[in-house]
Amino acid sequence: MHLDTHAVDHYLAHGELATSWVVRAAAGDDAGSAHPVLPHADDRAVVRGLRDALVRLLDPFAPAHPDAWAAVAPDWPARVEDARVALVVGWPQPYDAGVRTDPDGRDVVVLDVARLAGYGPDAGLATARTVLDHEVGHVLVASLWPADAAAGHRSRLDRLVFDEGLAQHLAMRGHPALAPSSTSLVGRRRAAHDALRDARDLTDAAAQRAALHRAAAADDFWDKFGCVAGLLAFADAERTGGLGGPAALARLGWPGFVDRVLARAPVAAPTEPSRSPAGRE
């Protein structure tokens with residue numbers, strides 16, 4: 001794994017933001033710009049602690065649920081060993097992590113250490129680890145099930161729900177927010193499925209683009225209907241089939257995934273605050 005700590009190290013050494021491309025890449029493909037923000041000077045100590053903890057997690061990369069990763073892809077270490085990760089400081093709200101493309105056209109998993117540290121001293125590392133597992137999970141998905149650049153709307157939606165769902169499952173497996181004892185997930189599941197069904201059937205190009213964006217990038221986690229629907233499909237598969245359940249679902253790949261998700265019978269789950277336990281994707 002290629003780890004770049006230049007941006008966070010520059011901040012810690014000089015108390016100012018680095019000028020590299022990755023500090024300015026917060027918004028990604030979102031409309032508008034996101035200007036870098038210098039954290040308060042008092043945050044440097046906690047940023048340093050989280051930076052060091054993340055380096056330990058990344059050298060070598062150690063996901064929280066390696067058994068789930070191995071079930072999906074026994075060779076997962078080799079598939080993510082060339083992943084690029086950058087630890088930065090300077091991204092504004094609501095951005096805390098994401099995959100961005102560097103000037104050479106390579107995908108880079110970016111984590112803003114100050115933003116993640118802002119979730120609190122106890123939650124910071126746990127949140128950062130979940131976010132990290134999610135983002136590296138995207139690298140694994142891309143290596144096994146690459147996207148089709150020429151795909152139409154339905155295929156793009158299939159790939160998005162599959163990618164977000166599996167990456168989120170690898171990161172959040174067993175999280176209390178997904179406990180089957182909760183009754184509030186029934187409504188959330190229904191809302192995600194309804195929005196997904198509506199998005200699948202859109203014919204207007206502008207409406208399709210807006211739906212694809214909201215499916216994975218809404219500010220409220222439970223409004224990310226593509227992510228939620230995909231995550232619950234993989235969580236349901238594990239509840240009914242053990243570790244082999246998500247692996248079997250993943251082996252079917254992303255073509256037709258939305259229809260498979262919508263055909264699954266409802267189960268049950270969360271009652272947590274709407275903010276994602278993993279931060280913003």
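When a residue number appears, it is its place in the shown sequence, counting from 1. What you see is a predicted model, and the numbers here were worked out from it, not measured in a lab.
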Between [X] and [Y], which heavy-atom pair has the shortest distance, and what is it?
X: A86; Y: V22; answer: CB-CG2, 4.2 Å
X: A250; Y: L166; answer: CB-CD2, 4.2 Å
X: R239; Y: D236; answer: NH2-OD1, 2.6 Å
X: V161; Y: G226; answer: CG1-O, 3.5 Å
X: H193; Y: A229; answer: CD2-CB, 4.0 Å

Compute the centroid of each ring, for F257 and then for W145, and state whether the two points are separated by less than 6.0 Å.
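No, ring centres 6.0 Å or more apart.
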
Does some side-chain heavy atom of [Y] sit less than 4.5 Å from a side-chain heavy atom of [X]?
X: V141; Y: F162; result: yes
X: P39; Y: L17; result: yes
X: R100; Y: W21; result: yes
X: V139; Y: R79; result: no
X: D194; Y: R197; result: yes
X: L57; Y: L125; result: yes
X: D59; Y: M1; result: no
X: F234; Y: L170; result: no

Could you tell me which residues satisfy ring-ring contact (aromatic ring centres under 6.0 Å, His included) with H14, sequence neighbours excluded, listed by chain and number?
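Listed in chain order: H10.
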
Name all residues meeting the side-chain contact (heavy atoms from CB on, under 4.5 Å) criterion together with L243; count only those two or more places apart in sequence or in a different chain, and write none if there are none.
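L243 satisfies side-chain contact (heavy atoms from CB on, under 4.5 Å) with D67, A68, A71, R173, E238 only.
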
Only counting residues at least two apart or in another chain, list the ones meeting side-chain contact (heavy atoms from CB on, under 4.5 Å) with L3.
T5, V55, L58, V85, L87

Begin with the C-alpha distance, continue with both residues' side-chain angles, and end with the deciding distance and a verdict on salt bridge (Lys or Arg N to Asp or Glu O under 4.0 Å) for D201 and R154.
CA-CA 8 Å; D201 297 336; R154 284 203 176 189; 3.1 Å; yes

May I ask you to establish whether R115 and W91 are in a cation-pi arrangement, using a distance under 6.0 Å from NZ or CZ to the six-membered ring centre and at most 45° from the ring axis?
no

